[in-house]
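For reference, the structure discussed in these notes is given below.
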Amino acid sequence: MSDDPLWAALADPHRRAIVALLLERPRPVGEIVEACGLSQPSTSKHLKVLRDAGLVRVRQDAQRRVYALDPAPIAELDAWLAPYRKLWSASLDALGRRLDETATAAAPGEPSDEETEAPSSKD
């Protein structure tokens with residue numbers, strides 16, 4: 001995977017916001033400008049970077065340019081992230097087992113730590 005352009009494109013928070021918008025549905029430039037609160041020229045520059053990285057496609061609809069996500073590069077990123085997701089999954093599974101052990105160690109009907117603390121004196 002030639003991921004340098006993808007990572008560079010996604011490094012900018014404005015471009016990530018545009019990708020998030022396009023995840024919902026394809027949008028014309030005007031909607032992206034309005035949703036992101038950027039100027040039209042600035043939005044167009046961000047869209048060009050995303051297009052050059054292969055993350056978005058554009059189609060002409062009469063006078064409007066409509067942008068949509070291209071799923072192929074996202075799938076490549078997902079494949080690259082898979083081993084790291086496995087690390088998190090193993091850690092979360094271990095945490096779940098530990099929480100289950102802790103919950104079953106305190107048998108029902110036994111007082112909790114809070115209930116067994118000595119009352120404080122207020123003289």
Side-chain angles (χ1 to χ4, degrees):
M1 172 172 92
S2 169
D3 56 2
D4 289 343
L6 294 176
W7 291 117
L10 293 172
D12 184 277
H14 296 295
R15 291 192 287 267
R16 288 193 307 270
I18 291 170
V19 167
L21 280 171
L22 296 177
L23 180 61
E24 296 171 4
R25 63 181 168 79
R27 295 174 186 262
V29 175
E31 278 187 35
I32 298 169
V33 167
E34 187 177 316
C36 291
L38 300 171
S39 69
Q40 196 280 329
S42 179
T43 301
S44 291
K45 288 178 184 177
H46 286 301
L47 287 167
K48 181 180 180 344
V49 172
L50 291 169
R51 192 173 61 245
D52 290 347
L55 287 162
V56 299
R57 296 180 295 222
V58 62
R59 69 176 168 79
Q60 197 72 30
D61 181 26
Q63 298 294 326
R64 303 180 319 161
R65 295 171 70 81
V66 178
Y67 283 83
L69 278 182
D70 185 341
I74 304 295
E76 290 179 32
L77 288 174
D78 184 57
W80 186 87
L81 288 168
Y84 301 96
R85 195 174 304 110
K86 289 177 186 174
L87 284 172
W88 276 105
S89 181
S91 297
L92 291 173
D93 288 347
L95 175 62
R97 284 191 300 276
R98 178 67 178 132
L99 292 173
D100 288 345
E101 290 169 4
T102 303
T104 56
E110 290 185 14
S112 68
D113 290 340
E114 294 167 352
E115 295 171 327
T116 57
E117 290 179 8
S120 61
S121 63
K122 296 181 183 177
D123 293 71

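Below, each value reflects all heavy atoms present in this structure, side chains not excepted, and no hydrogens, waters or symmetry copies. Remember, it's a predicted structure, so these values are computed and weren't measured experimentally.
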**Request:** Hey, could you give me each pair passing salt bridge (Lys or Arg N to Asp or Glu O under 4.0 Å) that has a residue in residues 13-30? Not counting sequence neighbours.
**Result:** Glu24-Arg27, Arg25-Glu31, Arg27-Glu31
**Asked** What salt bridge (Lys or Arg N to Asp or Glu O under 4.0 Å) pairs are there with at least one residue in residues 36-48, not counting sequence neighbours?
**Response**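 Those involving residues 36-48 are Lys48-Asp52.
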Which pairs of donor and acceptor atoms, one on a side chain in residues 59-66, lie under 3.5 Å apart (sequence neighbours left out)?
from, atom 1, to, atom 2, distance (Å)
Gln60, NE2, Ala62, O, 3.2
Asp61, OD2, Arg64, NH2, 3.1

**side-chain contact (heavy atoms from CB on, under 4.5 Å) between Leu23 and Val19, worked out** = CA-CA 6 Å; Leu23 180 61; Val19 167; 5.7 Å; no
Transitively linked via ILVMFWY side-chain contacts under 4.5 Å: [X] with [Y]?
| X | Y | result |
| --- | --- | --- |
| Val49 | Val29 | no |
| Leu92 | Tyr84 | no |
| Leu38 | Leu22 | no |

In Å and rounded to the nearest 0.5 Å, what is the [atom1] to [atom2] distance from [X] to [Y]?
| X | Y | atom1 | atom2 | answer |
| --- | --- | --- | --- | --- |
| Tyr67 | Ile32 | OH | CD1 | 7.5 Å |
| Leu55 | Leu47 | CG | CG | 11.0 Å |
| His46 | Asp12 | NE2 | CG | 5.0 Å |
| Leu10 | Ile18 | CG | CD1 | 11.0 Å |

**Message:** Could you check whether atom CZ of Arg98 has more than 12 heavy atoms from other residues, nucleotides or ligands sitting under 6.0 Å from it?
**Reply:**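 Counting other residues, nucleotides and ligands, CZ of Arg98 stays at 12 neighbours or fewer.
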**Request:** Taking all heavy atoms of Ala53 and all of Pro5, pick out the closest pair and write down the distance.
**Result:** CB-O, 3.6 Å
**Message:** Quick check: closest heavy atoms across Gly54 and Pro73, and the distance to 0.1 Å?
**Reply:** O-CG, 3.0 Å
**Message:** Who clusters with Leu99? Use side-chain heavy atoms, under 4.5 angstrom, across I, L, V, M, F, W and Y, and order the result by chain and number.
**Reply:** Leu95
**Fill in**
Applying side-chain contact (heavy atoms from CB on, under 4.5 Å) to Arg57 and not counting sequence neighbours gives Asp70, Pro71
**Request:** Please list all pairs passing the ring-ring contact (aromatic ring centres under 6.0 Å, His included) test where one or both residues lie in residues 47-66, with sequence neighbours left out.
**Result:**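 For residues 47-66: none.
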